[in-house]
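For reference, the structure is listed below as structure tokens.
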Amino acid sequence: MSLELAHVRKSFGDYKALDDINLSVGAHDFVCLLGPSGCGKTTLLRIIAGLLQADAGTLSFDGQDLGRMPPRLRNFGIVFQSYSLFPNMTVRENIGYGLRIRKTPADRVAARVDELLRLIRIPDMAERFPWQLSGGQQQRVALARALAVSPRLILLDEPLSALDARVRNEMRQEIRDVQRRLRIPTIMVTHDQEEALMLADTIVCMNNGSIEQVGSPQVLYDRPATSFVADFIGLSNLLPMDWLREFSPQTLSEAPPPAGDGSRWLLCVRPENIRLESRADGAATVGAVTFLGNLCRARLHWGKRELVVEQTAAAASVEGERIQPVIDARQSCWVAA
Ligand code: ATP
């Protein structure tokens, strides 16, 4: 493990922004802090960076206590949402800044900057100023500047949120490639679940100042622990036990619920795990159908509930059709309500 957080807490006045955060980041991990606006992601990142002091708890890196270590001694590279390049410096000067203030000899700074310009694929823009670059190019320079000093951890605070969809997609891939190549542990804040699923080895799903679940993208998608995670990552149908007993008893016998109070559990059924059989005596009616290219998404009216189903475009149902839904119980899981 490289970074370890134990029992970290932070309040702003009476407001608890972080409550008992425990987290380990592996030596080569790409970790995404994912959650809705205001859940505490940026606060946590700022505490790790040393820009904000926790009220309680411990932080260590490779066994070294980060406690009151000032940010510049931590040797972490940080990229913020706004490009935050120095406007009066060229790309070359921006990238070399951290090395120059560490009194690195000029020829070594130049060689390192050239290497990074190649890495981020803008070798011919070294003499431009930030205002002569696109948003995506500026964010590449910000990344190169963070990497220049060979940081032992990279912290990214929504670095792609100001970019348009196409550039954002390209940049995601590049950030992932660069991280894979350099193998520096990385923590990125995002509220975009697609981004987290695409980039992360480990997703830390946060809600209301607490961690709901930590796991690989696949685990969080296939086996969410709580209804919040099931709802926040991908689409899901969250079905109460009473409803299943009445409308799909077969599912209950195939996926027996955990013991104890049934009202504490919901069955999470992903839209692709409901098969539709076209039958005049079917128990459900197809509502709005949306064409998504390779898939069709349909709303089902079934037992006074609306469920969402996705099927290949070729198998798509038509609005108003009567169908019998069949839940794939083996692919579904119980989550805490
Ligand atoms: P977003 O995605 O919108 O940036 P976030 O998950 O990063 O959200 P934080 O910025 O960590 O959220 O904020 C968590 C909560 O703490 C919010 O309710 C915010 O208003 C509050 N907060 C953050 N910084 C301060 C501060 N300096 N003073 C008072 N409250 C703050």
Is the CZ atom of Arg305 crowded by more than 12 outside heavy atoms at less than 6.0 Å? yes
Only residue of Glu174, Gln173, Gln179 satisfying side-chain hydrogen bond (donor to acceptor under 3.5 Å, both in side chains) with Arg176 is Gln179
Please identify which of these residues, Asp55, Asp19, Asp20, meets the salt bridge (Lys or Arg N to Asp or Glu O under 4.0 Å) condition with Lys10. Asp55
Ala165 backbone acceptor or donor facing Asn169 side chain under 3.5 Å: no
Between Asn237 and Val308 (side chain of the first, backbone of the second, donor and acceptor by atom type, cut-off under 3.5 Å), is there such a pair? yes
Partner of Gln213 by side chain to side chain contact (heavy atoms under 4.5 Å, CB included), out of Val204, Asn207, Val219, Thr226: Val219
Under a 4.5 Å cut-off applied to non-hydrogen side-chain atoms, are Ser84 and Gln138 in contact? no
Contact check, side chains of Leu307 and Leu239, non-hydrogen atoms, under 4.5 Å: yes
If you group Ile, Leu, Val, Met, Phe, Trp and Tyr by side-chain heavy-atom gaps below 4.5 Å, do Ile120 and Met89 land in one group? no
Atom CZ of residue position Arg322 - does it have more than 12 heavy atoms of other residues, nucleotides or ligands inside 6.0 Å? yes
Using only atom types and a distance under 3.5 Å, with no angle test, would you say the side chain of Asn22 pairs donor to acceptor with the backbone of His7? yes
Counting N and O atoms only, with roles assigned by atom type, does the side chain of Thr90 sit under 3.5 Å from a partner on the main chain of Glu127, one being a donor and the other an acceptor? no
Decide side chain to side chain donor-acceptor pair (under 3.5 Å) for Ser24 and Glu4; before the verdict, give the C-alpha distance in whole Å, the side-chain angles of both, and the deciding distance to 0.1 Å. CA-CA 5 Å; Ser24 299; Glu4 292 274 354; 2.9 Å; yes
Counting only heavy atoms not in Glu194, do more than 12 sit closer than 6.0 Å to its CD atom? no
Are the side chains of Thr190 and Leu33 in touch, meaning some heavy atoms are under 4.5 Å apart? no
Does Leu238 belong to the same Ile/Leu/Val/Met/Phe/Trp/Tyr cluster as Val309, with side-chain heavy atoms less than 4.5 Å apart forming each link? no
Check: Val318 main-chain N/O paired with Glu321 side-chain donor or acceptor under 3.5 Å: yes
Under a 3.5 Å distance rule, please check whether Lys41 uses its side chain to pair with a backbone N or O of Pro36 as donor and acceptor. yes
According to a 4.5 Å side-chain heavy-atom criterion applied to Ile, Leu, Val, Met, Phe, Trp and Tyr, with indirect links allowed, do Ile203 and Ile21 form part of one hydrophobic cluster? no
A quick test of your reading: do over 12 heavy atoms of other residues, nucleotides or ligands sit less than 6.0 Å from CG of Asp14? no
Check for me, please, whether Val79 and Tyr97 land in the same ILVMFWY cluster - side-chain distances under 4.5 Å, paths through other members count. no
Identify whether NZ of Lys or CZ of Arg in Arg145 sits under 6.0 Å from the centre of the six-membered ring of Phe86 and within 45° of that ring's axis. yes
Would you find a donor on one side and an acceptor on the other, under 3.5 Å apart, between the side chain of Arg270 and the backbone of Tyr221? yes
In this structure, would Ile211 and Val229 fall into the same cluster of hydrophobic residues linked by side-chain contacts under 4.5 Å? no
Backbone N/O of Phe228 and side chain of Glu212: donor-acceptor pair under 3.5 Å: no
Side chain of Arg74, backbone of Met69: donor and acceptor closer than 3.5 Å? yes
Between Ser60 (side chain only) and Gly63 (backbone N and O only), is there a donor and an acceptor less than 3.5 Å apart? no
According to the interplanar angle, ranging from 0 to 90°, do the rings of Trp302 and Trp243 count as parallel (below 30°), tilted (30 to 60°) or perpendicular (above 60°)? perpendicular
